[in-house]
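Worksheet: the structure to be examined is printed underneath.
As a basis for the values below, the full set of heavy atoms in this structure was taken, side chains included, without hydrogen atoms, waters or symmetry mates. Computed from a prediction, not measured in an experiment: that's the story for all the values here.
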Amino acid sequence: DIGSKRKKEILDMKSKKILVAYFSHTGKNYGVGYIDKGNTNIIADMIAEQTGSNSFEIRTVTPYPVEYGECIEVAKQEQDKNVHPELAECVQDMEKYDVVFLGFPNWWGDMPMAVYTFLESYDFSGKKIIPFCTHEGSGLSSTERKIAEMCPDADVLNGLTVRGSVAQSNRNKANDAVVSWLRKAGFID
């Protein structure tokens, strides 16, 4: 019966070790002005709270500029030159996680290059990777495909997109989107 199959799927997902890894930008951001907590960080916190999972912020050794224009200029140069910046920290015991929610802002129709560095830093074989991104109209672009290409032995599931302006100014609406998505994916009842 479909109901008992769904309950089994939810129990299976709840028994997984989950990590929410995310890259987020604070300072001046497009569409929301100056912010103390990044759009993607807000969504990452909601996912971690709902799933009871650990969080890891992807940070670079050299921080991105606070001003949005300068930040995206650096990001564009990295993308154009395929620069993968060095990360400030690494995840301890990555092998213990079964599921990795991977969050990032959409910059220039792609993930920030720091996220590429993160993906190259670990073996995701046998893991589920579930992308989520904040954006102001570009959605996930082709990032799900790019993640699948970089991590061919991982199972890349359908991602979530939330407008950064919604994450900042309408957290109830953002949380509703997160809860609905997690419920549909079987991570919560």
Side-chain angles (χ1 to χ4, degrees), residues 19-50 53-92 94 100-122 129-147 149-151 156 159-178 181:
L19 177 68
V20 179
Y22 66 94
F23 175 88
S24 197
H25 181 256
T26 56
K28 191 164 184 180
N29 276 2
Y30 180 79
V32 295
Y34 189 88
I35 56 175
D36 291 323
K37 186 172 187 178
N39 303 331
T40 309
N41 187 347
I42 292 167
I43 302 304
D45 286 352
M46 291 174 181
I47 294 168
E49 182 180 330
Q50 289 294 325
S53 48
N54 296 331
S55 292
F56 176 80
E57 183 176 6
I58 300 167
R59 294 181 303 107
T60 53
V61 169
T62 303
Y64 287 89
V66 172
E67 289 300 317
Y68 181 74
E70 294 171 33
C71 177
I72 61 165
E73 187 56 38
V74 169
K76 183 66 174 153
Q77 288 173 12
E78 285 179 348
Q79 192 179 62
D80 289 347
K81 295 176 182 173
N82 199 30
V83 172
H84 295 202
E86 183 180 354
L87 300 184
E89 297 175 71
C90 63
V91 175
Q92 299 301 315
M94 176 61 98
V100 178
F101 284 92
L102 181 62
F104 48 87
N106 184 322
W107 284 354
W108 298 102
D110 203 349
M111 299 177 283
M113 297 307 286
V115 178
Y116 283 92
T117 304
F118 176 81
L119 288 169
E120 293 169 344
S121 299
Y122 306 97
I129 301 174
I130 310 169
F132 64 98
C133 88
T134 54
H135 66 100
E136 284 305 323
S138 301
L140 283 161
S141 299
S142 59
T143 56
E144 290 167 311
R145 178 184 53 79
K146 290 177 180 180
I147 294 167
E149 287 171 1
M150 288 188 72
C151 305
V156 180
L160 171 71
T161 63
V162 177
R163 286 188 178 266
S165 54
V166 171
Q168 283 297 326
S169 64
N170 193 341
R171 296 203 183 163
N172 287 337
K173 182 177 179 180
N175 194 61
D176 288 348
V178 167
W181 176 63

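The two residues V100 and A21 have their closest heavy-atom pair at CG1-CB, 4.3 Å. Annotation for C133 and G139: closest pair SG-O, 3.2 Å, computed over non-hydrogen atoms. Minimum interatomic distance between Y122 and F118 (heavy atoms only, all atoms of both residues): CD1-O, 3.2 Å. When all heavy atoms are compared, the tightest approach of A114 to T60 is CB-CG2, 3.6 Å. For the residue pair K37 and Q168, the shortest heavy atom distance occurs at O-NE2, 2.7 Å. Nearest heavy-atom pair, L87 versus S121, reported as atom, atom and distance to 0.1 Å: CD1-OG, 4.5 Å.
Partners of S55 under the side-chain hydrogen bond (donor to acceptor under 3.5 Å, both in side chains) rule, at least two apart in sequence or in another chain, do not exist in this structure. Residues passing the side-chain hydrogen bond (donor to acceptor under 3.5 Å, both in side chains) test with E149 are R145, sequence neighbours excluded. Considering only residues two or more places apart in sequence or on other chains, S141 meets the side-chain contact (heavy atoms from CB on, under 4.5 Å) condition with N106, S138. Here F104 pairs with nothing under the ring-ring contact (aromatic ring centres under 6.0 Å, His included) rule; sequence neighbours left out. Every residue meeting the ring-ring contact (aromatic ring centres under 6.0 Å, His included) condition with Y116, not counting sequence neighbours, appears here in chain and number order: H84. Scanning for side-chain hydrogen bond (donor to acceptor under 3.5 Å, both in side chains) contacts around S165 gives E136, with sequence neighbours left out. Legend: residues meeting side-chain hydrogen bond (donor to acceptor under 3.5 Å, both in side chains) with T161, ordered by chain and number and at least two apart, are absent. The ring-ring contact (aromatic ring centres under 6.0 Å, His included) test applied to Y64 returns F23, W107, not counting sequence neighbours. F101 meets the ring-ring contact (aromatic ring centres under 6.0 Å, His included) test with W181, F187; sequence neighbours excluded.
Here OG1 of T117 is found 9.0 Å from CD1 of I58. Values are rounded to the nearest 0.5 Å. Distance check: N175 CG to I43 CD1 gives 8.0 Å after rounding to the nearest 0.5 Å. In this structure, the separation between CZ on R163 and OG on S169 is 11.5 Å, given to the nearest 0.5 Å. Between atom CE of residue M46 and atom CG of residue N41 there is a gap of 10.5 Å, rounded to the nearest 0.5 Å.
The salt bridge (Lys or Arg N to Asp or Glu O under 4.0 Å) contacts involving residues 108-117 comprise D110-K146, where partners must be two or more places apart or lie in separate chains. For the salt bridge (Lys or Arg N to Asp or Glu O under 4.0 Å) condition, the pairs that include at least one residue of residues 57-70, sequence neighbours left out, are R59-E89. Within the structure, salt bridge (Lys or Arg N to Asp or Glu O under 4.0 Å) pairs that include any residue of residues 75-87 comprise K76-D80 (at least two apart or interchain).
Looking at heavy atoms from C-beta onward, Y22 lies out of side-chain contact with V115 at the 4.5 angstrom threshold. The closest side-chain heavy-atom distance from V66 to T26 is not below 4.5 Å. Looking at heavy atoms from C-beta onward, T134 lies out of side-chain contact with I42 at the 4.5 angstrom threshold. Using a 4.5 Å heavy-atom threshold, the side chains of P85 and V61 count as separate. Taking the side chain as every heavy atom from C-beta outward, M113 and N82 approach each other to under 4.5 Å. Using a 4.5 Å cut-off on side-chain heavy atoms (C-beta onward), L102 and I130 make no contact. The side-chain heavy atoms of Q92 and C90, taken from C-beta on, include a pair separated by under 4.5 Å. Annotation: side chain of N54 is not in contact with side chain of V20 (no heavy-atom distance under 4.5 Å).
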Stepwise side chain to side chain contact (heavy atoms under 4.5 Å, CB included) test for N39 and H25: CA-CA 7 Å; N39 303 331; H25 181 256; over 6 Å; no

Derivation and outcome, side chain to side chain contact (heavy atoms under 4.5 Å, CB included), residues K173 and V162: CA-CA 10 Å; K173 182 177 179 180; V162 177; over 6 Å; no

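Within 6.0 Å of atom CD in Q77, more than 12 heavy atoms from other residues, nucleotides or ligands are found, so the atom counts as buried in its surroundings.
Using modelled atom types, no side-chain atom of Q79 and backbone atom of P112 make a donor-acceptor pair closer than 3.5 Å. In this structure, the side chain of T40 does not engage the main chain of S24 through any donor-acceptor pair within 3.5 Å.
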